[in-house]
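Quick note on labels: first sequence line is chain A, next is B, and so on, each numbered from 1. Below, all heavy atoms of this structure are taken into account, side chains as well, without hydrogens, waters or symmetry copies.
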Amino acid sequence: MRRGSSAVHTRVRSQLAILFLTAAAATDAAVQAALPLHQQIDALVAAKAGKVPLAGPADDAEFLRRATLDFAGEIPSADEVRAFLADKAADKRARLIDRLFAGSRYAGTMAGRFDVMLMERRGEDAQWRGWLEAAFRDNKPWDVMSREMLNPNFADPARNGAGHFITKRLESYGQNTVDYPGLTRDVGRMFMGVDLQCTQCHKHLTVKDYKQVDFQGLFVAFQNLKLQTPNDTFKVRWTSEGLVTKEMEFSSVLTEIKGATGPRVPFGQSVAIPTFEKGQEWLEAPARPKNTPGKPKFSPLAEITQRLVAPDNANFTRNIANRVWFLQMGRGLFEPLDLAHSENPPSHPELLDLLAGELQAHKFDLKWLLRELALTQTYQRSSVLMETAAKSPEELYVAAKERPIAAEALVRSVLIATGELERVGKLPKVERKKDAKDTPRPDTLSLEEMTAAFQAAFANAAREPELSVSPTLKGALFMRNSSVLRTLLQPREGNLADRLLKLKEPAQIADTVYLHILSRPPTAEERAEVVAWLARQKSAREETLANLAWALLASAEFFMNH
Amino acid sequence: MNPPRCTPWEHDHTRRQWLGGVGGALACGALGGLLTPVIGEELKKKEKQVLFVWLDGGLSQLESWDPKPGTDFGGPFRSIPTSVPGTHVCELMPRLAKQMHRLCVVRSMCTKDNSHSAGVARIQRGDPKNRGVIYPFFGSAIAKLMGPTASNLPPYVWVKPGSGGFKPEDGGFLGPKYGALAFGDGKPPENLLRPATLDVAADAARNELRSALNQRYAQRRRAPNTEASSFVFDTAEELIRRADIFDTSRYNPRDIERYGRHDLGQQMLIGRKMLEAGVRFVKVNSYGWDTHGDNFNAQASLVGKFDQAFSAVLEDLAATGQLEHTLVVAMSEFGRTPRINGSAGRDHWPEAWSIAMAGCGIKAGAVVGATNAKGTFVQGEGYDIGHMFHTWFRALGIDPAKVEYSNNGQPLPIAHEDMKAIPGTLA
Amino acid sequence: MAEPKASTELKEPKELQVLANTQQMLCARFSPAGDVLAAGGMDGQVHRWKSGEKDFTPLPPLPARKSWLTDLAFHPDKPILFSGDSWGALRCHEGMDGEARQVWELEKAHEGWLRQVAADAQRVVSGGRDGAVRVWTHAGKPLAEWKGEEEIFCVTLHPDGKHVVFSDLKGRVRVWDFAAKKIVREMDASFFYRYDRIQDICGLRRLVWADGGKTLVAAGCVPTNGATMQAVPTVQFFDFASGKPGQKIQHGKETDGMIHDAMWHPGGHLIAVTSGQPGTGGVLFLRPGEDKPFYTSGKLANCQAVALHAPSHRMAVVATNRGSNGNGRPPGKDGEYPNNNSPVHVFALPAAS
């Protein structure tokens, strides 16, 4: 495990300097080190790619769509595409990024992306979502966010939503009992990029860095929590801590070798457990009549949080750097995202060191890092390969990687493409009985219900990470036959279907449908293809136009953030 | 506390992975392209399939395959002779008694899990030695190892009472793509039926355009994402085309009567139709076998329905010749206690119970293993579920000594490495 | 019984004795004179105890094949015992002292499980899983037969001697004039039946006469779930002459299970015993017109049968040992796989009841 990232940081700077000196563009090292992060990133990526040709920059439309999906959680409208394409300013991409970061959808979009990453579709929770959104709106640093999640202040209404990370995982679901090992595992995965589950019962069979004590030390703190129901003090579900008075003993089921540990951050030192005189262990003693669980003086959770979220825990910094990189580039510098260890080196070791070091230097400012990444050529490259796929290894980042579009962004994108967002957004939320016999008319579905329908079709199952583009049969059946989608393609005043109906020229139809749905104008070949296809159709015109729009909506291009 | 489990998430979705799963099936399609249509048809006919009947909660071995009338724990029922001289079954299975010459019954199952929560999953996952990963259910394993048949229908279909949909959890470490496609209450998945307002030709036309767009898009990009997208749309097409399988209104009324007008009967019939249509692995599920109370009246009611449905499907598979290449298994997560509790019930008993098999690769008319005179424990060697997985894989022509899974590079046995197929069960 | 105990001072039943045995019992009845208690169960034999000065002492069992002995009925006045078994046999024993002998046996009185037996001074009636209800002479000669699609669970003879009343799996109660060979009336007790998943659950387990035959009492449970058997003990009164349902009493929780057996006490109330999930169950005394039992006891677990001898104020309840569930039970101390058993509890009843 790497430690002391500030030292590493310095080392990277000097390596970078050497790199730039030896690279074709030999310039003053001091100047290079002062370059903005995004340029340093591009230099490292280019150096690693070596002779493999880099894809050209994404064209304006592709970039606009990518950035809008990333930071506004939807595709750009046709008007936005037209305006962006018409804009001749040299810095229009940087200005777009700034506009999106300042935009009303930024906080909600990032909250959504982090929600899916951190909670893995365990179900929605308004307080949690509110806390996440506020965190991104106020640009709360990641270390602060992490502390709030790991050792929640359940009494503070401004921060108690963060406790959902823990409380949701302490629910029993199905026939499972409360999954303390699962919570322990997820803390390691989400905050340190290490999946220690396999070390619960024995040392890791394939990862020599992971020892049983690494799991058990975290487990001491998290198995000590008990889920409590809301009350006057705590308006959300909360957790109490029990007394930990001695080290937890464990033994390997493989070797029967025994061990013991107090609270301990993986790969760190065990925290000494203080001894109190009998009766002095509690800050607030548990009280039977009110059934309050009490509050111990020694809080393993506080000890763990303080040490896990700390400058000398390199895994903490590297994890978030890698995860944010993954969010923007579609691939982690090390993968799996939760399997950091010495025998699984990053594809770009210096780059990861650089990101981690800079993020720490910038006090875990996620917005700053996201912006720097968005400004890189690496992020802004086209997804069109220069060479065959075999000759363009994905880990070289020579072309943009196609990324999945989450169900929530997909539904908004479909509504924007079909010109239905405004209408659907205005429909009132309706309380419907779950097993009501008359299913609601699809054209009365509110945005919330529409979103639920898309989530059912496209979101992964609970506890299943959404990491890559993975089309499913369920999703394909939804696209093909669902009345929910079909209703959006019926002409209504001002929507896409209506506009298409009013167009006379097939070429105009082609242009419009491409611009609205794929957020770009068609090539001449594509336009000709649509014109020819239209000419072959025998259905009623309205039906034909709906089918045309459908083909674009159901295309792989629409379904990916390319 | 939950059993330890280590599931490295599946992080990369390579093309090959796509080709196997519920989602995936191009392998056979591609192979089909190399063969003349006649040979292709021939191949399809002989393709190995599985019918897996799951009686959730625990069939009582004493009221079915291993009766012990006239003994302390024998219960109220008699035993009856079968089509195999010398072999008797409980009187609650008169029809299956006549199918005994097609069946192979293992009476010496001795497994470990005593609770449903652990048992249902561990038994269906083959309860391999603790490998630190969640193993796939049998159906997911077959979906991975054999893929879909040339029909290109999803390889693992689960016909069950209750909710349907996509059940990714069965896939275990193989990933959600190898999960089950579940037909809840025998009904097809949501959105299976083409809307009445969309005509077939127009649907084909819009899909043709979609394919053309995908092809152009994929020309200079990495293939797997677009391929996967095209693939799921094609599989959807295949399912939509075969929606008739699920249209029970078109079933022969005689069949409906013969299989029984109850969930198990009707869903067994749907299962047979799925096998006919070419689904690789069909699981037919029945719930409510956990007869802790009033066991004897309950099993009389339940076993009677199983007798009807299971004998009908065996008869039909035998009549069409399908049984030759279809492995049939009927089982629960455990048997039921010999001891009869105060509620006239029988409780969970993994110590000594029975499994019935038939068809592809299985020795017909065999009874393997035995319990002692009172039926309390296995006499001689007991077999765990790992032995069964070896047996089933062998019956399907998969050699567990040669075939293994790869879990992110970690080789994993497909069945418990300390066990082997049960002697006397294979043809 | 030599001298009926003066029970005037008793306010509620008082346990006098527990008759331990090694078998699980399903049915029990007192001989007409109250001098013999007979019980049968899962070993097929009739177990007997004779009442002495102070207590009951065992008599040798009446051996039989090892099916389940499912029901017993005494001749109303004579020491003649009729019994049925789960393999379809109907038997007649005479003489209730040590010299009791089997007079006849109809090995195939029914095809399979014979569920209940009833007798009056002239006839014996039996019903079974084969859907048949049969009337026999005391000599075992068939007199009449009714056969239907559904399994028969309960049979009883009306005090008028003309009508047999029986009920099936689905809670249909039929009044059968067996001499005229016709069903004269039906009573709907179908709420005792439930179809859960693919299990048909019969909740109607005993038909009892009250008020000299004016009222029919249907006892059992309303099942809410099969398999683990969730059910609430339930009693339904019917007016025999009209067939109209009267009062319905439900008492207890879903885990309390069903009334397995019941008898009418001439003092004007029903004595019912219940059994639900292992460890539950008890005794209920129910009086028509009241919505709750006026006496309940939950001291006994999993009561399968009750026998009443009103003249001597004696009641015997067949219960089950505690801890009867078998999930993962290890073998007993001697390494043997342990059986459950049915202690029979003998009570003195208050004179008033």
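The structure places OH of A:Y180 at 8.5 Å from CG of A:N224, a figure rounded to the nearest 0.5 Å.
In terms of heavy-atom pairs under 4.5 Å with chain B, the best-connected choice from A:S392, A:A55, A:S539, A:G475 is A:S392. Counting heavy-atom pairs closer than 4.5 Å to chain B, the top-ranked of the candidates A:R486, A:K401, A:M560 is A:R486. By number of non-hydrogen pairs under 4.5 angstrom with chain A, the leading residue of B:D203, B:N207, B:D199 is B:N207. Residue with the most contacts toward chain B among A:S555, A:A399, A:S383: A:S383 (heavy-atom pairs, distance under 4.5 Å). Residue with the most contacts toward chain B among A:K474, A:M479, A:M386, A:R331: A:K474 (heavy-atom pairs, distance under 4.5 Å). Ranked by non-hydrogen atom pairs under 4.5 Å with chain B, the options A:A456, A:A389, A:A476 are led by A:A476. The most heavy-atom pairs under 4.5 Å with chain B, out of A:N460, A:V384, A:L552, come from A:V384. The candidate with the highest count of non-hydrogen atom pairs below 4.5 Å against chain A, out of B:R222, B:R194, B:R210, is B:R222.
Tested against A:L545, the residues A:R541, A:E542, A:E543 include a single side-chain contact (heavy atoms from CB on, under 4.5 Å) partner, A:R541.
Heavy-atom distances place both the backbone and the side chain of B:F233 under 4.5 Å from chain A. For B:T197, the parts lying under 4.5 angstrom from a heavy atom of chain A are both the backbone and the side chain. Only the backbone of B:L193 comes within contact range of chain A, judged by heavy atoms closer than 4.5 Å. Within the 4.5 angstrom heavy-atom criterion, atoms from both the backbone and the side chain of B:E237 approach chain A. The parts of A:E557 that come within reach of chain B are both its backbone and its side chain, each placing non-hydrogen atoms under 4.5 angstrom from that chain. Residue A:F559: no heavy atom, backbone or side chain, is found under 4.5 Å from chain B.
Residues A:R189 and A:E120 are in side-chain contact: their nearest non-hydrogen atoms beyond the backbone lie under 4.5 Å apart.
A search for side-chain contact (heavy atoms from CB on, under 4.5 Å) contacts involving B:R216 returns A:Y514, A:E525, A:E526, A:E529, B:L213, B:Q219, not counting sequence neighbours. A search for salt bridge (Lys or Arg N to Asp or Glu O under 4.0 Å) contacts involving B:D247 returns B:R250, not counting sequence neighbours.
Donor-acceptor pairing under 3.5 Å is lacking for the side chains of B:N152 and B:E238.
Taking the six-membered ring where tryptophan is involved, the planes of B:Y135 and B:Y405 are perpendicular, since the angle between them exceeds 60° and thus also 30°.
In this structure, A:E387 places its CD atom where more than 12 heavy-atom neighbours from other residues, nucleotides or ligands lie under 6.0 Å away.
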(request) Run the numbers on A:R185 and A:D338 for salt bridge (Lys or Arg N to Asp or Glu O under 4.0 Å), then give the verdict. (result) CA-CA 10 Å; A:R185 173 197 201 184; A:D338 48 17; 6.0 Å; no
